[in-house]
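In what follows, a single structure is set out as structure tokens and then discussed.
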Amino acid sequence: QVQVVESGGGSVQAGGSLRLSCAASGFMRSNYYMGWFRQAPGKEREGVASIYRNGDFAYYADSVRGRFTISRDNAKNTLYLQMERLTPEDTAMYYCAAGGSLDGTHLAPREYKYWGQGTQVTVSS
């Protein structure tokens, strides 16, 4: 069956960087859209960034555009999120999602079928 596993979270000071990784396995057919989502305590899960499998189409939340970069491995279902100039507002549980539909905003949780368990990112002042 399909498995989605993310890693790379941790605690950093404001202005620091982290790179999250996500390995998706078990797909019998093409995995089109993959994305990163985050959820802070007491808040709804929100889309951070998503990318089409060829890497030509990427979408970012306004709050992270210019600071975060999403990318995919050319040969495997591996997803990355390079996060730069982190702020305390970026503190959240970050989730990797796979199986995103071809239609939609590509940043809506309801569009994705498979989810990882999450990795915590904490940014201190």
Side-chain angles (χ1 to χ4, degrees):
Q1 214 70 32
V2 173
Q3 288 188 319
V4 180
V5 182
E6 61 269 81
S7 61
S11 298
V12 298
Q13 293 183 341
S17 302
L18 283 174
R19 190 175 84 148
L20 306 183
S21 300
C22 172
S25 62
F27 284 91
M28 299 300 295
R29 297 291 184 269
S30 296
N31 178 17
Y32 293 107
Y33 274 95
M34 295 184 69
W36 290 99
F37 298 77
R38 66 186 183 187
Q39 187 169 20
K43 295 184 179 293
E44 297 294 324
R45 189 169 300 186
E46 63 177 352
V48 176
S50 63
I51 189 169
Y52 184 64
R53 69 184 187 94
N54 287 337
D56 292 331
F57 309 107
Y59 302 84
Y60 294 92
D62 290 341
S63 60
V64 307
R65 187 176 293 108
R67 298 188 298 120
F68 292 9
T69 303
I70 189 170
S71 61
R72 293 181 71 156
D73 185 274
N74 190 39
K76 303 177 181 179
N77 287 314
T78 305
L79 185 71
Y80 303 95
L81 184 68
Q82 182 67 42
M83 305 186 292
E84 307 282 353
R85 302 189 302 281
L86 287 161
T87 73
E89 288 68 40
D90 295 316
T91 296
M93 184 73 73
Y94 282 71
Y95 298 90
C96 176
S101 62
L102 292 174
D103 295 329
T105 67
H106 310 298
L107 290 174
R110 63 188 297 179
E111 298 175 7
Y112 291 79
K113 186 175 182 179
Y114 307 105
W115 294 83
Q117 293 297 307
T119 184
Q120 178 68 39
V121 172
T122 303
V123 185
S124 60
S125 300

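These numbers come from the heavy atoms of this one structure, side chains and all, not from hydrogens, waters or symmetry mates.
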Are there more than 12 heavy atoms of other residues, nucleotides or ligands under 6.0 Å from atom CD of Gln3? no
Is it the case that more than 12 heavy atoms not belonging to Asp56 sit under 6.0 Å from its CG atom? yes
Could you give the distance from [atom1] ([X]) to [atom2] ([Y]), rounded to the nearest 0.5 Å?
X	Y	atom1	atom2	answer
Ser50	Trp36	OG	CH2	13.0 Å
Thr69	Tyr80	OG1	OH	14.5 Å
Cys96	Gln117	SG	CD	12.0 Å
Leu18	Asp90	CG	CG	10.0 Å
Met34	Cys22	CE	SG	4.0 Å
Leu79	Ser71	CG	OG	7.0 Å

Residue pair Glu84 / Ser17, side-chain donor-acceptor N/O under 3.5 Å: yes
Under 4.5 Å between any side-chain heavy atoms of Arg38 and Val64, yes or no? yes
Are side-chain heavy atoms of Leu107 and Glu46 found at a separation under 4.5 Å?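 They are not in contact (no side-chain heavy atoms under 4.5 Å apart), so the answer is no.
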Could you pull out the closest heavy-atom pair between [X] and [Y], with the gap in Å?
X	Y	answer
Ala24	Ala98	CB-CB, 4.5 Å
Ile70	Tyr60	N-OH, 2.9 Å
Glu111	Gly104	OE2-CA, 3.3 Å
Gly47	Ala61	O-CB, 3.5 Å
Thr105	Ala108	OG1-N, 3.5 Å
Tyr95	Glu6	CA-OE2, 3.3 Å

With ring centroids as reference points, do Trp115 and Phe37 lie under 6.0 angstrom apart?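 Under 6.0 Å, so yes.
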Any donor-acceptor pair under 3.5 Å linking the side chain of Thr91 with the backbone of Val123?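 Flag set: sc Thr91 to bb Val123 pair under 3.5 Å.
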Would you say [Y] ends up clustered with [X] if hydrophobic residues are merged whenever their side chains have heavy atoms under 4.5 Å apart, either directly or through other cluster members?
X	Y	answer
Leu20	Ile51	yes
Val48	Tyr114	no
Met93	Tyr112	yes

Can you say whether the rings of Tyr33 and Tyr59 are parallel (under 30°), tilted (30 to 60°) or perpendicular (over 60°)?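 Plane angle between 30° and 60°, so tilted.
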What verdict does the side-chain contact (heavy atoms from CB on, under 4.5 Å) test give for Met83 and Val121, after you've listed the backbone C-alpha separation in whole Å, the side-chain angles of each residue and the deciding distance to 0.1 Å? CA-CA 10 Å; Met83 305 186 292; Val121 172; 3.9 Å; yes
